[in-house]
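Here the structure comes first, spelled out in structure tokens, and everything after it is commentary.
To find a chain, count down the sequence lines: A is the first, B the second, and so on, and within it residues start at 1.
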Amino acid sequence: MRTGHETWRQCKNNAFHGLIILFSAILFLPLAAIIFHILKNGLHVLSWEFLTALPKPMGESGGGVGNAIAGTLLLIVLSSLIAIPIGIFTGVYLSENTHGKFSHIIHVAVDMLQGTPSIVIGIAAYIWIVKPMGHFSAFSGGVALALMMLPVIIKSTEETLKRIPNTLKEAALALGAPYYRTMLQIIIPTGFQGILTGVLLGIARVSGESAPLLFTAFGNPFLNLNMNKTVQALPLLIFNYATSPYEDWQAYAWGSSCLLLIFILSLTLLTKAIRPQ
Amino acid sequence: MQPRKRQTIGEWIFKASLVLSGGLIVAVLGLMCLTLLTHAWPSIVALKWKFVTTNTWDPITSTFGAEAFVIGTLLTSLLALFISLPFSLSVSIFLGEYAQRGILSEVFKAMINMLAGIPSVIYGFWGLFVLVPWIRTFQIWVGIPPFGIGIFTAALILALMIIPYAAAIGRDVIAMVPNELKEGAYSLGATRMEVLLTIVLPTARSGLFAGTLLSFGRAIGETMAVTMVIGNSNLLPTSIFAPGNTMASVIANEFSEATNAIHVSSLIELALYLFVITAIINIIGKWIIQRTEVSHG
Amino acid sequence: MNPDILTIEHLNFWIADQHIVKDLSLSFPENTITAIMGPSGCGKTTMLRCINRMHELIENTRVEGKIKLSGENIFKLNAMALRRRIGMVFQRPNPFPTMSIYNNVLAGYILNGISLSRKEKDQIVQEALTQAALWDEVKEGLHRKGTFLSGGQQQRLCIARALAMKPKILLLDEPTSALDPKATAHIESLLMELKDTVTVIMVTHNIAQASRISNQTAFMYLGELIEHGTTERMFTVPKDKRTEEYLSGKFG
Ligand SMILES: Nc1ncnc2c1ncn2[C@@H]1O[C@H](COP(=O)(O)OP(=O)(O)OP(=O)(O)O)[C@@H](O)[C@H]1O
Ligand SMILES: [Mg+2]
């Protein structure tokens, strides 16, 4: 009787463990399906022409998404230029002033910004930049993406710098170094890896975003590197071509998805490789 | 004397930049709230409560009742949450309790990271070309109208998208449960399952709730994937398999083509609601998590 | 003994409402080693940090009294200029992890934006590392990261970093408490040699260490300076009972 009860408990325990693993493992199916279909439909589209040429009008075969690749890179550069300095400085402020009221307010703002739907950020960038300037532009897209990157950079900078032992800062100050040099030449470089991780994660996050670009960067069938004009981006192109009825264009979308996925996964792997222990 | 003066200026500029950057973040948030409010104002004044209590949305006749979108948003998000829960909870338990280290844990972590890394638009694209036909087959098989696209399809995709987020939070709060508590129960002869169900989960419950809340906030604002598979019907959905629309997807579909001032304003009103709801959800969620972090050391 | 280079006069120090250093007066003769001793939490570190005004990094503090460096009141000087004249070594070795050994030694110059010629740099580095008894061990790999060194070597690198600024005074807060006996002995003998050129003020919990290397010993208890004098006198005929008990290892 007693041992029977014990066995039953042990059985339940094992069954529960199995169930947990089963439910977790089921998630491999959709992941594998997504990757499989993207590789199956996208890999054979990739070619040198695909990476460099402009899209051909419907009906003509060939062509590529060079404009979207260049546009995505332009948007990444623009948003990084805005978000990296502001993000790092805010992160430094938060790591240095842990208890202040202002820090608390910034924390709340960062949390809110991180939770704000990307489409809402797109609307804000539209109202702030597109409307006054009178036209869509790569710049407005860059601003929208920068807003999405900021929380990631701020948080990783803050976390990284908080982990650096205080005596390092004291050692620099005890040498008579001014505070700003201590931070810029000792503390920030010491946290470089952690901050870089945050920057790369931020880039990975925004490079797949399309919602904030709908009303800002807008898309452009031609190659453009002028930040005052509209620009194509890979996610925008996927959205537009995926919902088009032409098979050639859908192939562009598969190829672009493949490309984007490879780019984002490599970025994530890179962050894994450099992340400090 | 000269270098000292330069240092004082450098010091001042540096400290000012720190404060300014932080202030900029706060200002952007405040300004966002204000901008959305002022641009939504014409619609708020013109339509009042009718905006969310009527369900005719027709830009041509300038009728804007967003009830269908509010319901669509709630329906997809709640459904997605419901579908995702067993999976995200399992992953959280596995990574937070059963295997904090080891090969299988690394494999699951990689899986979650990949799911989190796939862009929304790719989920939508895959959903449209792969999942929708599957759902259609299923619908024919069950004998309901084979739309393929619709609220249920959107919820499935959404569930997949929020699982990594919920699982990451869940894993952290479960891993934070103090060891002494668990050891106390083990020393009384409890099995691992009993410890989980009686000690770990109840202790982590507020954190798990916060994770669920935060992923709900994610689901509400998710745009592209939903837009691509929900069917974009402005009518009140008749069943969970019917096409519908969410607040976010209406904005994505109509904003760049809206010319009429009240149309633009009512779309911004939807954005305002999304902003406010997700802001509240995030503040509460993060606050709960922070509180648990503090109480568990 | 030599003339005093540093004098503390009626130093009082508060953090919030807590009175941490109480009316402490003490002077340090030039080119000697002073050991500051006392039980944990009695304010040794705090007192030491007042000397190069590192206490100003803590919020909500108040200081009263004077500290005179060669006759000048340090609270009237520019804090950064003062810190360049007084070196500090911490309990745990803390070389700057992003800098090479070479640049670690030069950190004081780099961080103060002082430009030096290649020749001057080489000379300062060699001098400081030699003074810190590290030169022979690292001269082949000056451009490696300082964090690859052993704990004892790292601590000597930190001493070299402080010495490179050619300070008149060197403050050390339990510099050997994180090191093994061999590395400790190495640092002790190095400090003995240093005292020809700098005045050393060292907090230590190691009674034997104080008796081995210091000229003057000061004993603090609950924020007060109980007693001070030549090390020999303090260890042989202490005036206060608490000093006697502490130095013979009976409490603390
Ligand atoms: N930053 C601080 N905030 C509040 N109190 C402090 C701070 N630093 C030190 N104290 C308090 O000041 C008192 C003296 O500390 P101090 O570090 O000077 O002692 P100590 O003699 O160096 O001790 P130990 O031998 O353990 O290093 C202690 O009671 C400590 O709690
Ligand atoms: Mg101390």
Interface moiety of [X] toward chain A, non-hydrogen atoms closer than 4.5 Å:
{"X": "B/V130", "value": "side chain"}
{"X": "B/L131", "value": "neither"}
{"X": "B/M228", "value": "side chain"}
{"X": "B/L20", "value": "neither"}
{"X": "B/T223", "value": "side chain"}
{"X": "B/Y98", "value": "side chain"}
{"X": "B/L24", "value": "side chain"}

Between [options], which residue shows the highest count of heavy-atom pairs closer than 4.5 Å to chain A?
{"options": "B/L89, B/L31, B/I277", "value": "B/L31"}
{"options": "B/V19, B/I163, B/L36, B/L128", "value": "B/V19"}
{"options": "B/L196, B/L160, B/L267", "value": "B/L160"}
{"options": "B/W12, B/F108, B/W287", "value": "B/F108"}
{"options": "B/L197, B/L29, B/L104", "value": "B/L29"}

Quiz item: Given the options A/A124, A/S257, A/P85, A/S103, which has more heavy-atom pairs under 4.5 Å with chain B than any of the others?
Solution: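 Of the candidates given, the most pairs with chain B belong to A/S257.
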Please state whether the side chain, the backbone, both or neither of [X] comes within less than 4.5 Å of a heavy atom of chain B.
{"X": "A/A15", "value": "neither"}
{"X": "A/I26", "value": "side chain"}
{"X": "A/I106", "value": "both"}
{"X": "A/L265", "value": "side chain"}
{"X": "A/I38", "value": "side chain"}

Self-check item: Aromatic centroids of B/F125 and A/W254 separated by under 6.0 Å
Solution: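 So the answer is yes for these two rings.
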Quiz item: Ring centroid separation for B/F255 and A/Y126, is it under 6.0 angstrom?
Solution: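 Yes, the ring centres sit under 6.0 Å apart.
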Quiz prompt | Set of side-chain hydrogen bond (donor to acceptor under 3.5 Å, both in side chains) partners for A/H17, sequence neighbours left out | solution =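 Testing A/H17 for side-chain hydrogen bond (donor to acceptor under 3.5 Å, both in side chains), a comparison that skips the adjacent residues, returns none.
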Quiz prompt | Partner residues of B/E106 under the salt bridge (Lys or Arg N to Asp or Glu O under 4.0 Å) criterion, sequence neighbours left out | solution =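 Salt bridge (Lys or Arg N to Asp or Glu O under 4.0 Å) check on B/E106 returns B/K109.
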Quiz item: Side chains of A/Y179 and B/K15: does their closest heavy-atom pair fall under 4.5 Å?
Solution: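 Contact flag for A/Y179/B/K15 side chains = yes.
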Quiz item: Given side chains that start at C-beta, do those of B/E194 and A/R9 come closer than 4.5 Å, heavy atoms only?
Solution: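 When only atoms from C-beta onward are counted, A/R9 and B/E194 do touch, with a gap below 4.5 Å.
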Quiz item: When rounded to the nearest 0.5 angstrom, what is the spacing between CG in A/L260 and CD1 in B/I122?
Solution: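 So the gap between those two atoms works out to 4.5 Å.
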Practice problem: Classify the angle between the aromatic ring planes of A/F89 and B/F14 as parallel (below 30°), tilted (30 to 60°) or perpendicular (above 60°). | Solution: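 Ring orientation of A/F89 relative to B/F14: perpendicular.
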